[in-house]
2 protein chains.
Amino acid sequence: MLQLTKRTEYGLLALVHLAEREGAVVSVREICERYPLPRRTVAEVLKELQHAGLVDSTRGSNGGYTLARTPELLTLGDVVSALEGAPPLTTCESPIVLKGGGCEVQPMCPIKSPIHRVRERLWQMLEHTTLRSLVSKTAHVPLGAPGAVESN
Amino acid sequence: MLQLTKRTEYGLLALVHLAEREGAVVSVREICERYPLPRRTVAEVLKELQHAGLVDSTRGSNGGYTLARTPELLTLGDVVSALEGAPPLTTCESPIVLKGGGCEVQPMCPIKSPIHRVRERLWQMLEHTTLRSLVSKTAHVPLGAPGAVESN
DNA sequence: GCAAACCGCACTCAAAAGGTGCGGATTCAA
DNA sequence: TTGAATCCGCACCTTTTGAGTGCGGTTTGC
């Protein structure tokens, strides 16, 4: 499906919240008090984002996460590629080949190259959408009412 | 995943082949002799495309499919929306809402509107990619060697 | 009549996505 | 020093979605 995964949504929401808190160390708990998301899954996503170098983690009692870069330098492309991998968009390269030597020999199957163009345009779009542009227009909402999800 | 489904690939390949044959009635068998695709699944996809009005079908012995419109008027967006449905890109509208009234009351959750922008741009891209642009640059290859897949 | 093609329901199988159990390590503060 | 809050990491389960097939039927041309 041409759709972002829930994990990517969670990651975006978490990053938006981190950006709103501007450098503060933010715990998973706080994020899940702001948004009704499953705590464990969000934690896993943050961990992946940390491994990808998008956020830094602080362990211990007052630990949590912070953005590793400014929101201007964090793009949707970074998030998607960290959580879903670079998008192949089709599996054309692997199984589907023209009979009698098509894609393999002559790298110009009738469908592959246009799809590649679509993919590249999509990818450019993702890479030019910064986290800042996802935050800037929205008021800096103070912490909302508590109530995480894990307890369900 | 930010990726087209195999069915969409099959549909595109089939439509490209239909376009190459310029109005001829093309059977599923012929398509599967051209590309090593599972016959039944391709048939199912063609059927869906027919229900969506993208192709016309002819029943009987020399039956098959033809394009319902010229390749200039058939877009990637038509194909994707016929086979995958209009892309929501996120499920933001349904389950994820800000606590204490966010998306519901004030339709401006910090993540929804930018995602919508991304979605719309992607959608525009799909709608401006015509089947013609997927075919034009490739030579009109004559029928290749036979050999469908169903027999596997 | 027979073969080739499309039609349509429903079903199975496999892969992906989403989420959780459980124990551990680290840090802060009382 | 003890305990609570936090992140860490592996492995597992459940649900959803995607891909493909069984099987019988209908339509059409030779």
Side-chain angles (χ1 to χ4, degrees), chain A residues 1-11 13-14 18 24-33 36-52 55-66 80 83-85 87-88 90-91 94-96 146 148-152, chain B residues 1-11 13-14 18 24-33 36-52 55-66 80 83-85 87-88 90-91 94-96 146 148-152:
Chain A
M1 283 279 291
L2 211 49
Q3 180 178 338
L4 299 176
T5 65
K6 275 209 171 28
R7 284 177 131 86
T8 305
E9 281 182 41
Y10 298 168
L13 287 167
L18 259 54
V25 174
V26 178
S27 69
V28 172
R29 183 187 48 72
E30 180 183 318
I31 294 172
C32 293
E33 284 169 353
L37 308 178
R39 175 183 293 192
R40 290 288 307 278
T41 305
V42 171
E44 200 164 286
V45 168
L46 263 313
K47 189 179 54 181
E48 288 176 54
L49 291 178
Q50 190 223 330
H51 286 158
V55 298
D56 293 323
S57 72
T58 308
R59 303 182 64 162
S61 175
N62 289 333
Y65 291 95
T66 55
V80 172
L83 297 178
E84 306 187 19
T90 65
T91 54
S94 29
I96 300 179
V149 168
E150 170 96 340
S151 47
N152 62 1
Chain B
M1 282 280 291
L2 212 48
Q3 180 177 336
L4 298 176
T5 66
K6 275 208 172 25
R7 284 177 131 86
T8 304
E9 281 182 42
Y10 298 168
L13 287 167
L18 259 54
V25 174
V26 179
S27 68
V28 172
R29 182 188 49 72
E30 181 183 319
I31 294 172
C32 293
E33 283 169 354
L37 307 178
R39 175 182 294 190
R40 289 289 305 280
T41 305
V42 171
E44 200 165 285
V45 168
L46 262 314
K47 189 178 54 183
E48 288 177 53
L49 292 178
Q50 190 224 329
H51 286 158
V55 297
D56 294 322
S57 72
T58 307
R59 304 183 64 163
S61 176
N62 289 331
Y65 291 95
T66 55
V80 172
L83 297 178
E84 305 187 20
T90 66
T91 55
S94 29
I96 301 177
V149 168
E150 170 97 337
S151 47
N152 63 357

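In what follows, chains are A, B, ... by sequence order, proteins preceding strands, each numbered from 1.
Within 4.0 Å (heavy atoms only), G60(B) reaches at least one base atom of the nucleic acid. At a threshold of 4.0 angstrom between heavy atoms, the contacts of Q50(B) are confined to the sugar-phosphate backbone, with no base atom among them.
For dC7(C), the OP1/OP2 oxygens have no side-chain nitrogen or oxygen of R59(B) closer than 4.0 Å. At dT17(D), none of the side-chain N or O atoms of T5(B) fall inside 4.0 Å of OP1 or OP2 (strictly under the cut-off). Note on Y10(B): every side-chain N or O is 4.0 Å or more away from OP1 and OP2 of dA19(D). For the pair H51(B) and dC7(C), the criterion of a side-chain N or O lying under 4.0 Å from OP1 or OP2 is not met. Residue R29(B) places at least one side-chain N or O closer than 4.0 Å to OP1 or OP2 of dA5(C).
Scanning atom types as modelled, no donor and acceptor separated by under 3.5 angstrom connect the side chain of R7(B) and the base of dG18(D).
The nucleotide whose nearest atom lies closest to any side-chain atom of N62(A) is, among dA29(C), dT27(C), dC6(C), dA29(C). Looking at the side chain of S57(A), the nearest of the listed nucleotides dT20(C), dC8(D), dC6(C) is dC8(D). Set against dC7(D), dC6(C), dG9(D), the side chain of R40(A) has dG9(D) as its closest nucleotide. Distances from the side chain of S61(A) to the nucleotides dC7(D), dT28(D), dA5(D) place dA5(D) closest.
Here the C1' atom of nucleotide dA11(D) and the NZ atom of K47(A) are 11 Å apart, to the nearest Å. Atom CZ in R39(A) sits about 15 Å away from atom P in dC8(D), given to the nearest Å.
With respect to R40(A) and E44(A), no salt bridge is recorded, no charged nitrogen being found less than 4.0 Å from a carboxylate O.
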